[in-house]
There are 2 protein chains.
Amino acid sequence: MTSQTRDREVESRLRARDVRYTSGRKRVVAALASAHGPRSAAELNAELLPDVPLSSLYRTLAVLEDAGIVSPHFGARGVTRYELAEWLRGHHHHLICVDCGSVDDVAVPSDLETEVRRLVDDIGMLAEFAPVNHALEIEGRCARCA
Amino acid sequence: MTSQTRDREVESRLRARDVRYTSGRKRVVAALASAHGPRSAAELNAELLPDVPLSSLYRTLAVLEDAGIVSPHFGARGVTRYELAEWLRGHHHHLICVDCGSVDDVAVPSDLETEVRRLVDDIGMLAEFAPVNHALEIEGRCARCA
DNA sequence: TTCCTTGCAAACGATTTGCATTGGA
DNA sequence: TCCAATGCAAATCGTTTGCAAGGAA
């Protein structure tokens, strides 16, 4: 998806909720789009120049989450990281380095992903649970730390 | 594993670090052992009678985590939940209800778990990442909420 | 003009820490 | 006796909110 297409889609979703797609919000979405993993408000605050104050970031992220444009990820003590929602970024999983703490996205080839889905459905069957989504979080050592 | 065996194992691990296995700590471990999913400090504080103050709970959980007796789980905005470590509870995954927010453990039959491990290794191979652990978190509706 | 958005500062909730006290070996 | 453990209160950290000013339609 091109960044213009993305912006058009995002803008129309926001318009539908009487929310403006301002330049500050565009920059947050762009930063998340170019990231290789979820980002916290503090990380976005450090990356974005000119500065976007934390309170605005939190408000922007809340608005984007409400509108289904970003999804929260709770993978670390006390901090919430955000990433573009699946319909914008595609389904993926996370590789979490036990040494450096980085969280990287990994898009799983569709044949493997099919197997993951099947396993999830099997487990749901056994446990009387109706899956609507799944996340496979893999902890280990990234290439840099290995 | 019986609760006595468990207490003996835990105690020896703590002794090795010059840490005492006091009655307050035993009650926390017992509460986690009987829970069907991870528990936050606030939840433990509500369950335990006589009362264990929050500050003691947080300290106990930190000590137990350092000693590898409990593992943290970051599955909700801002709260850390703890569960007994794998060597005490066995490997399992989580079923997270999107309606009521409950987190339940699910022990996956070994044939399915073998497939999960294989998928994790395959993904690691493709991504130049050395997996040491994995967590499959399944979001959906529990039997009560379905 | 109307309302959404922004930024600062204050408020909040979960967690951590200082310090004096208690208690087990 | 000695040192770890405990409990209270204060401090900290990430996040949220009140409020007045700024900006787009």
Side-chain angles (χ1 to χ4, degrees), chain A residues 7 10-29 31 38-67 69-83 101 103, chain B residues 7 10-32 38-67 69-83 101 103:
Chain A
D7 273 351
V10 169
E11 178 153 31
S12 80
R13 275 222 175 193
L14 290 180
R15 268 199 200 299
R17 312 175 70 104
D18 286 311
V19 166
R20 295 176 195 152
Y21 196 26
T22 62
S23 81
R25 289 170 179 173
K26 275 186 188 138
R27 288 165 58 219
V28 170
V29 169
R39 291 285 180 268
S40 67
E43 288 163 348
L44 292 169
N45 175 254
E47 286 175 23
L48 292 174
L49 280 174
D51 188 66
V52 176
L54 278 175
S55 65
S56 296
L57 274 173
Y58 281 114
R59 273 198 267 244
T60 291
L61 291 168
V63 163
L64 295 175
E65 185 183 353
D66 274 355
I69 291 156
V70 304
S71 311
H73 177 252
F74 314 112
R77 205 176 293 267
V79 309
T80 302
R81 283 174 220 275
Y82 291 85
E83 54 191 354
V103 181
Chain B
D7 273 352
V10 169
E11 179 154 30
S12 80
R13 275 224 177 192
L14 290 180
R15 270 198 200 299
R17 311 176 72 103
D18 286 310
V19 167
R20 296 177 193 151
Y21 195 27
T22 61
S23 81
R25 287 170 180 174
K26 276 186 189 139
R27 289 164 58 217
V28 170
V29 170
L32 291 177
R39 292 283 179 269
S40 67
E43 288 162 347
L44 291 169
N45 175 254
E47 286 176 23
L48 291 174
L49 280 177
D51 189 65
V52 177
L54 278 175
S55 66
S56 297
L57 274 173
Y58 281 113
R59 272 197 268 241
T60 290
L61 291 168
V63 163
L64 295 175
E65 184 183 354
D66 274 356
I69 292 158
V70 304
S71 310
H73 176 253
F74 314 112
R77 203 175 294 265
V79 307
T80 303
R81 283 174 221 273
Y82 291 86
E83 54 191 354
V103 181

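Fair warning: this is a prediction, and the values are worked out from it, not measured in the lab. We name chains A, B, ... by the order of the sequence lines, and we start the count at 1 in each one.
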Exercise for review: Could I get the full list of salt bridge (Lys or Arg N to Asp or Glu O under 4.0 Å) partners for B:Arg77, not counting sequence neighbours?
Suggested key: A:Glu65
**Study point:** Donor-acceptor under 3.5 Å (A:Arg25 side chain, A:Arg20 main chain)
**Key:**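 Judged by distance alone, yes, a pair lies under 3.5 Å.
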Practice item. Indicate yes or no for a side-chain donor-acceptor contact from B:Arg39 to the backbone of B:Leu32 under 3.5 Å, with no hydrogens or angles considered. Key: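 Answer holds: no.
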Exercise for review: Walking along DNA chain C from 5' to 3', note the first and the last nucleotide with an atom under 4.0 Å from a heavy atom of chain A, and give both.
Suggested key: C:dC3 to C:dA9
Practice item. Under 4.0 Å from any atom of DNA chain C, heavy atoms only: list the residues of residues 52-63 of chain A that qualify, in numerical order. Key: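 Contacts with DNA chain C under 4.0 Å: A:Pro53, A:Ser55, A:Ser56, A:Arg59.
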Exercise for review: For DNA chain C, find the residues of residues 16-26 of chain B with a heavy-atom distance under 4.0 Å and give them by number; none if there aren't any.
Suggested key: B:Arg20
Check your understanding: So do A:Asn45 and A:Glu43 actually touch side chain to side chain, heavy atoms under 4.5 Å?
Key ->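 With C-beta onward as the side chain, the pair stays apart.
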Review point. Once you round it to whole Å, what is the distance between C1' of D:dT16 and CD of A:Glu65?
Key: 14 Å
Check your understanding: How close or far is atom P of D:dA25 from atom CG of A:Leu14, stated in whole angstroms?
Key -> 14 Å
**Study point:** Selection: residues 38-51 of chain B, any non-hydrogen atom under 4.0 Å of DNA chain D
**Key:**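 Close to the strand, none.
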Review point. Is the shortest side-chain N to carboxylate O distance from B:Glu11 to B:Lys26 below 4.0 Å?
Key: no
Review point. Got a second to check how far B:Ser56's OG is from B:Asp51's CG, nearest 0.5 Å?
Key: 9.0 Å
Check your understanding: Under the side-chain contact (heavy atoms from CB on, under 4.5 Å) test, which residues partner B:Glu83, sequence neighbours left out?
Key -> B:Pro38, B:Arg89, B:His92, B:His94, B:Asp105
